[in-house]
Amino acid sequence: MNTKQNIESLRDELRQHNYNYYILDNPTISDYEFDVKLKELQALEDAHPEFFDANSPTQRVGGAITKNFNTVVHNFRMYSLDNSYSKDDLLDWEKRIKKMVDGDVHYTCELKYDGASMNLTYEDGKLVRAVTRGDGVQGDEVTANVKTINTVPLQLKGDYPQRFDIRGEIILPIEGFLKMNEERIANDEEPYRNPRNTASGSLKLQDSAEVAKRPLECLLYSIKGNKLNISTQFEGLEKARAWGFKVPKEAKLVNSIEEVLAYVEYWDTHRHNLPYEIDGVVVKVNSLFQQDELGFTAKYPRWAMAYKFKAEQVSTRLNEITYQVGRTGAITPVANLEPVQLAGTIVKRASLHNADQIEKLDIREGDEVFVEKGGEIIPKIIAVDLTKRLINSEPTSYINSCPKCETQLVRPEGEAKHYCPNYNGCPPQVIGRIQHYISRKAMDIEGLGGETVALLVNEGLIANYADLYDLTVEQVIPLERMAEKSAENLVNGIKASKQIPFERVLFALGIRYVGETVAKKLAKHYKSIDALMVASTLDLVSIDEIGERIAESVVEFFSAEENKIIMERLKTYGVQLKISADKLANQTDKLKGLSIVVSGVFETVSRNELKKLIEDNGGKVSSSISSKTSYLVAGDKMGPSKRTKAENLNISILTESDFLKLVK
Ligand code: AMP
Ligand code: ZN
């Protein structure tokens with residue numbers, strides 16, 4: 001055997017031991033023997049750097065330092081999951097599904113591992129990239145750190161596809177977490193709060209050798225890619241397991257929603273026996289074809305549902321109620337609590353939402369209150385323990401004036417919240433608006449962060465987002481923690497934002513109720529800020545899914561003199577205030593007013609391309625057939641009941657080529 005073969009065979013052997021130990025939980029050699037072999041391999045690799053392999057078992061110990069984590073766009077968006085909290089929610093979900101797909105529906109039930117989600121990319125059986133979820137569209141590349149996790153295979157086994165992504169949860173098993181904390185306490189360090197935050201925090205450590213010391217694991221639950229030759233979720237799990245991934249055996253294939261309910265019930269009572277924390281169960285439609293039929297909403301897949309276990313509750317004292325001012329001027333009362341341990345974290349604050357909520361609960365400073373942690377990160381106060389109320393307690397009187405600028409608060413009719421109307425002079429509003437403007441999903445200005453915005457406003461350098469474009473490097477340098485390079489980056493980042501397309505600019509303006517989706521609709525309909533600025537409420541509500549509340553907010557925004565001036569200024573700086581010419585060229589009104597359902601698989605275009613074509617040509621994509629449907633575009637493998645339904649309702653059925661002719 002020559003050296004190269006020797007190295008290869010040691011690597012293979014160590015990989016197999018690693019797999020036996022971490023995935024199968026069934027080691028066949030002692031830790032000592034393993035270490036001896038690993039050292040032998042390390043020595044050979046050191047002596048022969050020409051045979052270096054980034055995925056060798058020796059690379060698990062880490063050592064690489066990452067100063068800045070690169071942002072990487074996901075190949076497939078990482079959606080979040082719709083939540084349910086009761087059996088009825090699950091039954092309703094099943095009803096919705098049955099309306100949209102044909103045939104029997106089977107489900108894969110999985111545990112909802114409570115950690116940090118991770119996307120791994122493999123090529124030719126080797127791990128090439130590991131990226132955090134981030135905002136779902138893009139995340140941070142943490143490959144060097146993830147390589148140190150023993151349950152992440154660096155080299156796959158068996159018959160794997162040439163290229164694919166696989167998703168999982170990086171978790172910290174409870175035992176490992178407790179051990180880490182024992183050590184910290186022994187070293188007189190503050191213990192970590194809970195396994196989930198410790199796991200996600202570990203991924204962003206700069207020193208991968210530090211990560212290697214933590215007993216993290218990666219549990220896998222979903223494969224993404226093209227031409228994978230997998231037809232169900234459950235099959236995907238089994239294949240992933242065969243390729244060497246850790247896929248918990250608790251995943252179960254069931255044939256009815258009743259069996260789903262039984263699974264949920266079982267794990268609600270048995271979850272504490274698991275070696276790691278879970279916060280619920282995830283139910284997925286098993287057939288990938290049916291998943292495709294169901295598709296996605298803006299946020300979630302329609303084919304999956306998380307069931308969250310009932311929240312844990314504790315009681316604690318409410319020390320003080322304080323008030324926060326948001327970027328829209330909305331006031332949020334906050335309960336400052338006596339710190340208390342709840343579901344693995346220490347809780348100090350809870351939102352009280354609004355004046356009505358305080359009145360309804362009759363909540364007072366000094367009260368003993370019940371706090372619950374549900375699906376949200378921010379805990380909720382659900383009730384006051386009246387038996388413990390102090391004799392001298394006084395009802396809470398809500399504030400009348402803004403805690404930041406002392407302006408008299410207003411409460412618009414029909415709204416639950418109070419607002420500070422000092423739009424241009426209330427610091428948190430001014431700062432918050434600009435912070436929203438520069439944020440990732442809006443203008444995505446690189447080199448400028450939220451704290452710097454606050455600094456710029458407090459120093460009087462800017463008072464609105466148009467002022468950003470007048471900033472000079474000389475003005476910025478004197479600021480705290482600024483150097484010439486960072487000042488230049490900041491100014492360049494602002495300049496680059498002039499390329500951001502109109503729909504995102506519209507979202508960035510921070511008009512109340514105009515989120516990403518509404519901004520897209522408005523941009524598509526009006527095509528320019530000039531047209532939008534003169535639109536009436538009546539005009540606006542005629543657009544599909546634009547209601548009165550949004551319409552009024554838009555009209556109000558553009559009727560304010562200061563906003564008109566800001567729009568004019570943005571225009572002169574060259575910010576995109578209309579749809580770009582090439583985008584316009586692809587858009588027509590050919591399908592205006594038509595509601596179209598797409599079903600099946602297509603030959604020359606993907607289902608998503610088809611949907612985009614419909615929207616670009618002014619049509620509306622709808623997910624189920626009704627009497628309002630104008631056309632059904634039918635591809636291959638469309639279910640027979642859809643066809644029957646369309647025929648019964650006398651809806652024209654188009655083939656792929658019929659449809660393409662229609663829009664060409
Ligand atoms: P949420 O963050 O509540 O919207 O839930 C979505 C997250 O649940 C995903 O981003 C995953 O990280 C996580 N998750 C945990 N277990 C699973 C599972 N078995 N299937 C899918 N997602 C899971
Ligand atoms: Zn104010």
Side-chain angles (χ1 to χ4, degrees), residues 80 82-83 92 96 99-100 295-300 302 326-332 353-357 410-421 423 429 432-433 436-437 439 441-442 501-560 563-564 567 577-579 587 589 591-597 611-612 614-624 626-630:
S80 99
D82 200 356
N83 286 322
D92 286 346
R96 292 200 296 279
K99 268 191 209 143
M100 291 177 65
F296 297 83
T297 70
K299 284 196 192 137
Y300 330 110
R302 290 199 189 84
R327 75 172 159 89
T328 58
I331 306 292
T332 304
H353 303 289
N354 53 49
D356 288 348
Q357 181 75 6
V410 295
R411 184 177 193 172
E413 220 183 274
E415 295 230 13
K417 289 215 170 220
H418 285 71
Y419 287 86
C420 165
Y423 186 82
Q429 295 188 54
R433 219 154 34 227
H436 169 73
Y437 185 83
S439 64
K441 288 187 171 169
F502 177 47
E503 57 186 41
R504 273 175 57 190
V505 178
L506 204 47
F507 168 62
L509 297 180
I511 305 170
R512 195 180 293 171
Y513 309 130
V514 178
E516 274 179 290
T517 315
V518 172
K520 259 187 207 158
K521 285 211 170 98
L522 293 176
K524 209 169 110 191
H525 187 91
Y526 289 101
K527 302 188 171 60
S528 74
I529 201 90
D530 292 334
L532 178 62
M533 282 174 81
V534 297
S536 67
T537 321
L538 215 62
D539 198 21
L540 282 155
V541 293
S542 73
I543 305 171
D544 215 21
E545 286 166 55
I546 302 287
E548 216 156 278
R549 201 176 62 143
I550 301 174
E552 275 167 12
S553 163
V554 171
V555 169
E556 189 188 316
F557 182 89
F558 288 115
S559 62
N563 286 334
K564 285 186 192 158
M567 293 313 122
L577 290 175
K578 52 175 190 260
I579 288 190
Q587 295 196 345
D589 277 344
L591 304 178
K592 196 173 172 176
L594 301 182
S595 161
I596 300 177
V597 175
K611 287 182 178 171
K612 189 163 178 306
I614 295 173
E615 284 177 351
D616 283 348
N617 288 288
K620 189 182 155 211
V621 179
S622 130
S623 50
S624 62
S626 72
S627 57
K628 292 197 191 112
T629 308
S630 323

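Computed from a prediction, not measured in an experiment: that's the story for all the values here. Computed over heavy atoms, backbone and side chain alike; hydrogens, waters and symmetry mates excluded.
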*Asks:* Check each of L594, V597, L591 against I614 using the side-chain contact (heavy atoms from CB on, under 4.5 Å) test, and report the only one that passes.
*Replies:*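 When L594, V597, L591 are each tested with I614, the side-chain contact (heavy atoms from CB on, under 4.5 Å) holds only for L591.
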
*Asks:* If we ignore hydrogens and angles and just use 3.5 Å, is the side chain of R411 paired with the main-chain N or O of Y419 as donor and acceptor?
*Replies:* no

*Asks:* NE2 of H418 to OG1 of T332: how many Å apart, nearest 0.5 Å?
*Replies:* 12.0 Å

*Asks:* For S595, does its backbone N or O pair with a side-chain atom of S630 as donor and acceptor, under 3.5 Å?
*Replies:*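 Yes; judged by distance alone, with no hydrogens or angles, the pair exists.
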
*Asks:* Nearest 0.5 Å please: distance from the CE atom of M533 over to the OG atom of S559.
*Replies:*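 The distance works out to 9.5 Å.
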
*Asks:* Would a 4.5 Å heavy-atom cut-off, applied to side chains only, mark Y526 and L540 as touching?
*Replies:* yes

*Asks:* Rounded to the nearest 0.5 Å, what separation is found between the NZ atom of K99 and the OG atom of S626?
*Replies:*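 It is 11.0 Å, given to the nearest 0.5 Å.
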
*Asks:* Please identify each residue that fulfils side chain to side chain donor-acceptor pair (under 3.5 Å) with D82, with sequence neighbours left out.
*Replies:* none

*Asks:* Checking K417 side chain against H353 main chain: does a donor-acceptor pair fall under 3.5 Å?
*Replies:*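 The answer is yes, because a donor-acceptor pair under 3.5 Å joins these two groups.
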
*Asks:* May I ask you to check whether over 12 heavy atoms, not counting those of K520, lie within 6.0 Å of atom NZ?
*Replies:*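 Incorrect, the count does not exceed 12.
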
*Asks:* Quick one: do V534 and D539 satisfy side chain to side chain contact (heavy atoms under 4.5 Å, CB included)? Show the steps, please.
*Replies:* CA-CA 10 Å; V534 297; D539 198 21; over 6 Å; no

*Asks:* Can you name the residues that form a side chain to side chain contact (heavy atoms under 4.5 Å, CB included) with R504, not counting sequence neighbours?
*Replies:*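 Per chain and number, R504 pairs via side chain to side chain contact (heavy atoms under 4.5 Å, CB included) with D444, I500.
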
*Asks:* So does R302 get a backbone contact from the side chain of R96, meaning a donor-acceptor N/O pair under 3.5 Å?
*Replies:*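 It does not hold such a pair.
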
*Asks:* Specify the closest pair of heavy atoms between I579 and A523, including all atoms of both residues, with the distance to one decimal.
*Replies:* CD1-O, 3.1 Å

*Asks:* At their closest point, which heavy atom of Q429 faces which heavy atom of G329, and how far apart are they?
*Replies:* CD-CA, 3.3 Å

*Asks:* Rounded to the nearest 0.5 Å, how far does NZ of K521 lie from CD1 of I546?
*Replies:* 6.0 Å

*Asks:* Checking side chain to side chain contact (heavy atoms under 4.5 Å, CB included) for the pair I529/F502: CA distance, chi angles, key distance, verdict?
*Replies:* CA-CA 8 Å; I529 201 90; F502 177 47; 4.1 Å; yes

*Asks:* With a cut-off of 3.5 Å and sequence neighbours excluded, list every side-chain donor-acceptor pair involving residues 505-516.
*Replies:*
| unit_1 | atom_1 | unit_2 | atom_2 | d |
| --- | --- | --- | --- | --- |
| R512 | NH2 | T328 | O | 3.2 |
| Y513 | OH | E415 | OE2 | 2.9 |

*Asks:* Could R327 and Y437 be counted as a cation-pi pair, given that NZ or CZ must be under 6.0 Å from the ring centre and within 45° of the axis?
*Replies:*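 Here R327 fails the 6.0 Å and 45° test against Y437.
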
